Amino acid sequence: MDYSSPNTAKQMHVGHLRSAVIGEAVARLLTFSGARVIRDNHIGDWGTQFGKIIWAYRRHLDAAAFARDPLEEFERLYKVGHAAAEADPAVLKEAQHELVKLQSGDADNLAIWKNIGDASLGAFQQIYDRFGIRFDHTLGESFYNDQVARVYAELTAAGLATVSQGALVVFHPEHPRFATQPFIVRKTDGAANYASTDLATVLYRAEHFHADAVAYVIDSRQSDHCEQLFLTTQKWFTAMGRRAPRLEHVSFGTVTDAAGKPLKTKSGENIKLKELLAEAEERAYTLVSEKSAELPEAERRAIAAVVGVGSVQYADLAQNRSSDYGFAWDKMISLDGNTAAYLLYAVARIHSIFRKTLGASDSNFAGDPACDESLASALETPAELALARKLVKFPDAIQTATAQLRPHFLSLYLYELAGEFSGFYAADKVAVDDPAIRTRRLMLCARTLLMLETGLALLGLRTLQRM
RNA sequence: GCACCUGUAGCUCAACUGGAUAGAGCGCCAGACUACGAAUCUGGAGGUUCGGGGUUCGACUCCCUGCAGGUGCACCA
């Protein structure tokens, strides 16, 4: 699984949201289906921007700001370096020289570069922790620096790559566009680009991880790149007598505002993910405090963290990933409708039932004698039957979501299941005196809880026992 | 110019790759807490699935064509 993959020296922003959230859900679905999933964060840690950052780092570093938030300082330094290079050709030359030094292994520049990488990964992990994301590997572009030469050699030997306008490129004569639109695997100046490293990465994943398949969770705007990468890999591996892994572009649309334009701040900047999550939590906290004022503040804060982040994840996952995703706070944190809060509320109510009817602690009701199946009578009421019928469709939903790598099929199912449960809850009281009826209803509650918690966990959401 | 994505109720979205009467939420209207959490539930109104052809017993789904919006297309990723 190749997902998230942000660039170092920059904070994660709203443009990184979908790959991380969808990728994590897909990874969990595939794991659940029995696949051995390797999560590889292919970060962009190598590129021309480092010349400007290093140039600015040497001259304009604000040590206090760096101590406070290194990544913000690196972002600022990039802007300083970029602006200076634009204004003064001499600076541009110096920045390019810093880049050449870095690429040729200069110790000082490598140390600065490593510093940038470490600070970036630390900041990324803070975001990932909120989402519950953990990667098995973080092998960025720099990892493949010494592996691209083999790619050039093999592509050339296989007769796939040719030199065009000074660059090493691959054409696909049978393709309507790629017959003339080149896949540039090495730039005219001899440097690698992301096609070079992506090809080296496929090779590494095939040889080192023995990957049968690689799923790339990447913006649909890069579908040309993916298609060229996949086509080239297929031919290249075939020519070398290697079996190519199945390659899949798990594409998704843009995050937009109400007007359908890419989501930005008022000043035109990308919205930082940490700020977006902070606002989600704040909105959730306001809501929790309004609805459950009796809970202690610390618990309301903890609930808000789960509801806030979960709302952001769920809003993304509830929709077919192919289309653009209109970001709207009101709908996302909303009380009703197909939202995380609705699902989490159903979960919390079931926990509450077990607390009340069994006096059970939240985790051990399953072994309670009151849940003994042999005591239960057959389901009877329309609401019981409707809920039961929905429960048995869980595997279908998992199957569809997994086969198509589209988590929204699972989201939709969970929403419908929660809806059936809510209908059942309103129609049929669980805590009745008749033990046969009570038991069968408790069983329905237990099954529903299992499906909801399992399903939400597969989407990457945490659940609550109280909210 | 070429290619890809999108177009379904006033709005935001579904419809499990061709199956029965196209479903939800928001909004609107009318109801339900002296029952386990009302962040809930029950009912109602609301549709020529962008237009036009075609394939099929059957089309939102597949093919052709037109329209509208978005995106990508030589060295940033």
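This one's a predicted model, so the numbers in the text were calculated from it and none came from an experiment. Every chain is numbered from 1, with letters handed out A, B, ... down the list of sequences.
- None of H249(A), Q222(A), H175(A), H172(A) except one satisfies the side chain to side chain donor-acceptor pair (under 3.5 Å) rule with E227(A); the exception is H175(A).
- The C1' atoms of G25(B) and U40(B) are separated by 14 Å, rounded to the nearest whole Å.
- Y314(A) places a side-chain N or O within 3.5 Å of a backbone atom of S411(A) that can act as its donor or acceptor partner.
- At a threshold of 4.0 angstrom between heavy atoms, the contacts of D198(A) with the nucleic acid are absent.
- Here G44(A) lies out of heavy-atom contact (under 4.0 Å) with every strand.
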Could you go over nucleotides 12-19 of chain B and give all protein N or O partners under 3.5 Å, atom names and distances?
{"residue": "U12(B)", "atom": "O2'", "partner": "K331(A)", "partner atom": "NZ", "Å": "2.8"}
{"residue": "A14(B)", "atom": "OP1", "partner": "N320(A)", "partner atom": "N", "Å": "2.8"}
{"residue": "A15(B)", "atom": "OP1", "partner": "H408(A)", "partner atom": "NE2", "Å": "2.8"}
{"residue": "C16(B)", "atom": "O2'", "partner": "T400(A)", "partner atom": "OG1", "Å": "2.9"}

Protein-nucleotides 66-68 of chain B N/O pairs closer than 3.5 Å?
none

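- Counted by atom type alone, E98(A) and W55(A) present zero donor-acceptor pairs between their side chains at under 3.5 Å.
- Residue contacts shown for T188(A) include a base, since a base heavy atom lies under 4.0 Å away.
- Counting non-hydrogen atoms under 4.0 angstrom, A426(A) reaches the backbone sugars and phosphates but no base.
- Searching all strands for a Watson-Crick or G-U wobble partner of A14(B) with both distances below 3.5 Å returns nothing.
- Checked against E384(A) for a salt bridge (charged side-chain N to carboxylate O under 4.0 Å, His left out), the options R447(A), K390(A), R440(A) give a single hit: R440(A).
- Regarding contacts with the backbone of G37(B), every side-chain N or O of K291(A) stays at 4.0 angstrom or more from both OP1 and OP2.
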